[in-house]
**Q** 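Structure provided below as structure tokens; questions to follow.
In the text below, chain A, chain B and the rest are named by the order of the sequence lines, each starting its count at 1.
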Amino acid sequence: MLTMIEGKRVLKEKLDDYYSEIFEKELIEEIIEVGGLRNISNGELLINIGDELTHIPLITRGAIKLIIEEENHDEIVLCYLEKGSTCAISFVNCIHRSKSIFRAIAVRDSEAILIPVKKLDEWLVKYKTFRYFIIDSYHFRLIEAIKSVKSLAFKNLDERLIEYLMDKVKLMKTNILNITHQEIATDMHTSRTIISRLLKDLENEGKIKLKIKKIIIKKM
DNA sequence: ACATTAAGTGATT
DNA sequence: AATCACTTAATGT
């Protein structure tokens with residue numbers, strides 16, 4: 001029982017740190033009431049496609065990527081979940097269906113507060129801040145989606161590669177990326193050789209430094 | 001020392 | 001921009 005109370009106290013601290021700005025006091029209290037803290041290590045599969053969605057994560061540390069899979073087994077990154085932000089897809093996915101349409105994988109060592117899905121309906125009605133949180137994150141996602149369509153439509157591969165690297169640096173919170181050329185190529189749905197060439201160009205321009213399985217981003 | 005995986009490169013479409 | 005075919009470099013056993 002003591003550990004339980006201790007757990008709730010930790011939960012409160014986490015929420016005060018990141019979510020007290022956006023959620024009203026009563027909602028925070030309810031989250032503490034029904035939520036549970038979960039550690040997720042880097043690379044861990046949190047949710048798979050088709051899994052029963054019983055809980056929704058509020059990220060307090062690290063980053064989680066959500067991906068959907070195409071028929072041809074190609075993967076598309078939907079979004080990244082980070083502290084304070086969320087991908088409304090994960091919430092709204094639960095409103096009308098219980099099975100997940102996405103896969104969630106930690107890309108850093110992460111930590112999340114898990115909220116039972118059945119609270120969603122109730123909270124959406126009860127708490128204005130919760131509604132805004134969901135709507136805001138949808139808005140944010142839409143802007144992101146428009147950005148990536150624009151990027152695909154109007155930007156060359158070399159510009160998209162720079163964007164990719166910058167995003168990665170921001171996401172991983174380090175300018176030393178442990179990633180292979182092949183992984184980048186797969187993410188960008190292109191071939192490894194051309195990524196290698198473009199990276200080489202960037203290195204010659206002094207913007208990055210290439211090591212094996214490692215890219216150091218300098219000035220951009 | 002050897003096999004495996006990652007990266008670099010020229011040529012072709 | 002993609003694919004092929006090949007080389008070279010790095011890494012694990």
Side-chain angles (χ1 to χ4, degrees), chain A residues 38-51 57 59 61-83 85 87-90 100-112 138-220:
Chain A
R38 166 92 132 84
N39 270 320
I40 308 134
S41 47
N42 191 8
E44 191 177 330
L45 178 70
L46 190 62
I47 299 162
N48 208 343
I49 294 159
D51 278 2
I59 311 302
R61 181 166 57 83
I64 311 281
K65 76 169 167 183
L66 303 190
I67 48 187
I68 52 172
E69 206 175 68
E70 297 297 287
E71 315 78 57
N72 47 1
H73 301 290
D74 277 350
E75 287 183 342
I76 293 175
V77 177
L78 273 182
C79 61
Y80 288 92
L81 305 183
E82 288 186 89
K83 163 180 104 179
S85 80
C87 185
I89 293 161
S90 62
S100 177
I101 58 162
F102 56 83
R103 175 176 296 149
I105 300 170
V107 294
R108 301 207 306 265
D109 284 336
S110 307
E111 183 188 71
Y138 240 103
H139 176 72
F140 183 74
R141 272 311 300 153
L142 184 60
I143 302 293
E144 288 289 300
I146 290 166
K147 258 197 229 163
S148 72
V149 169
K150 265 168 72 180
S151 175
L152 267 170
F154 303 123
K155 291 197 172 176
N156 299 326
L157 198 57
D158 55 341
E159 294 173 295
R160 287 205 286 129
L161 177 59
I162 291 172
E163 260 180 15
Y164 176 92
L165 293 174
M166 301 297 269
D167 285 350
K168 214 73 177 170
V169 165
K170 221 192 270 174
L171 184 72
M172 304 307 283
K173 300 200 186 303
T174 168
N175 61 337
I176 300 167
L177 304 176
N178 291 306
I179 194 167
T180 65
H181 299 185
Q182 183 58 64
E183 285 170 319
I184 298 174
T186 307
D187 281 353
M188 294 181 62
H189 301 97
T190 180
S191 62
R192 197 272 309 162
T193 40
I194 150 158
I195 293 298
S196 289
R197 282 184 181 134
L198 291 173
L199 285 171
K200 199 86 226 161
D201 291 345
L202 289 174
E203 186 177 40
N204 291 334
E205 291 168 31
K207 292 177 176 167
I208 61 173
K209 178 101 190 95
L210 296 175
K211 295 268 170 74
I212 200 151
K213 291 202 222 179
K214 191 170 288 200
I215 300 170
I216 300 152
I217 280 74
K218 296 154 97 175
K219 47 175 192 264
M220 278 281 180

**Q** Using the test side-chain contact (heavy atoms from CB on, under 4.5 Å), find all partners of A:Glu144 that sit at least two apart in sequence or belong to another chain.
**A**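 Once residues adjacent in sequence are excluded, the partners of A:Glu144 under the side-chain contact (heavy atoms from CB on, under 4.5 Å) criterion are A:Phe140, A:Arg141, A:Lys147.
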**Q** Distance check needed: B:dA7 C1' versus A:Glu183 CD, whole Å only.
**A**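 In whole Å, B:dA7 C1' lies 13 Å from A:Glu183 CD.
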**Q** Atom CD1 of A:Ile195 and atom P of B:dT9: how far apart are they, to the nearest Å?
**A**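 Rounded to whole Å, this separation is 16 Å.
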**Q** Spell out protein contact along nucleotides 3-13 of chain C as letters: B when the base is contacted, S when just the sugar-phosphate is, - when no protein heavy atom is under 4.0 Å; keep the 5' to 3' order.
**A** BB-----SS--
**Q** How would you list, by chain and number, every residue that makes a side-chain contact (heavy atoms from CB on, under 4.5 Å) with A:Asn42, sequence neighbours excluded?
**A**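 Scan of A:Asn42 (side-chain contact (heavy atoms from CB on, under 4.5 Å), adjacent residues dropped) gives A:Asp109.
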**Q** Measure CG/A:Asn204 against C1'/B:dT9 and give the value in whole Å, please.
**A**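 For the pair A:Asn204 CG and B:dT9 C1', the rounded distance is 13 Å.
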**Q** Round to a whole Å and report the spacing from CD of A:Gln182 to P of B:dA6.
**A**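 Atom CD in A:Gln182 sits about 8 Å away from atom P in B:dA6.
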**Q** Tell me every residue that passes side-chain contact (heavy atoms from CB on, under 4.5 Å) with A:Glu203, counting only those two or more places apart in sequence or in another chain.
**A**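 Residues passing side-chain contact (heavy atoms from CB on, under 4.5 Å) with A:Glu203: A:Lys200, A:Ile208, A:Lys209, A:Leu210.
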**Q** Indicate every side-chain donor-acceptor pair of residues 167-177 of chain A with a distance under 3.5 Å to a residue at least two apart or in another chain.
**A**
unit_1, atom_1, unit_2, atom_2, d
A:Thr174, OG1, A:Ile176, N, 3.0
A:Asn175, ND2, A:Ile217, O, 3.1

**Q** Name the closest nucleotide to the A:Leu157 side chain, picking from C:dA2, B:dG8, B:dA6.
**A**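 The answer is C:dA2, which lies nearest to the side chain.
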**Q** Between atom CG in A:Asn156 and atom P in C:dA2, what is the gap in whole Å?
**A**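 After rounding, the reported distance stands at 12 Å.
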**Q** Rounded off to whole Å, could you give me the CG-to-P distance for the A:Leu202 and B:dA7 pair?
**A**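 In whole Å, B:dA7 P lies 15 Å from A:Leu202 CG.
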**Q** Check A:Leu157, A:Leu152, A:Ile194 against A:Met188 for a side-chain contact (heavy atoms from CB on, under 4.5 Å) and give me the one that passes.
**A**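 Testing each of A:Leu157, A:Leu152, A:Ile194 against A:Met188, the sole residue satisfying side-chain contact (heavy atoms from CB on, under 4.5 Å) is A:Leu157.
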**Q** Round to the nearest Å and state the distance from A:Ile184 atom CD1 to B:dA6 atom C1'.
**A**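 Nearest whole value for this atom pair: 12 Å.
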**Q** If I take atom CD1 in residue A:Ile215 and atom P in nucleotide B:dA6, what distance separates them, rounded to the nearest angstrom?
**A**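 Interatomic distance, CD1 of A:Ile215 to P of B:dA6: 13 Å.
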**Q** Taking side chain to side chain donor-acceptor pair (under 3.5 Å) as the test, write out the residues that go with A:Ser151, two or more places apart.
**A**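 If we apply the side chain to side chain donor-acceptor pair (under 3.5 Å) test to A:Ser151, skipping adjacent residues, the hits are A:Glu163.
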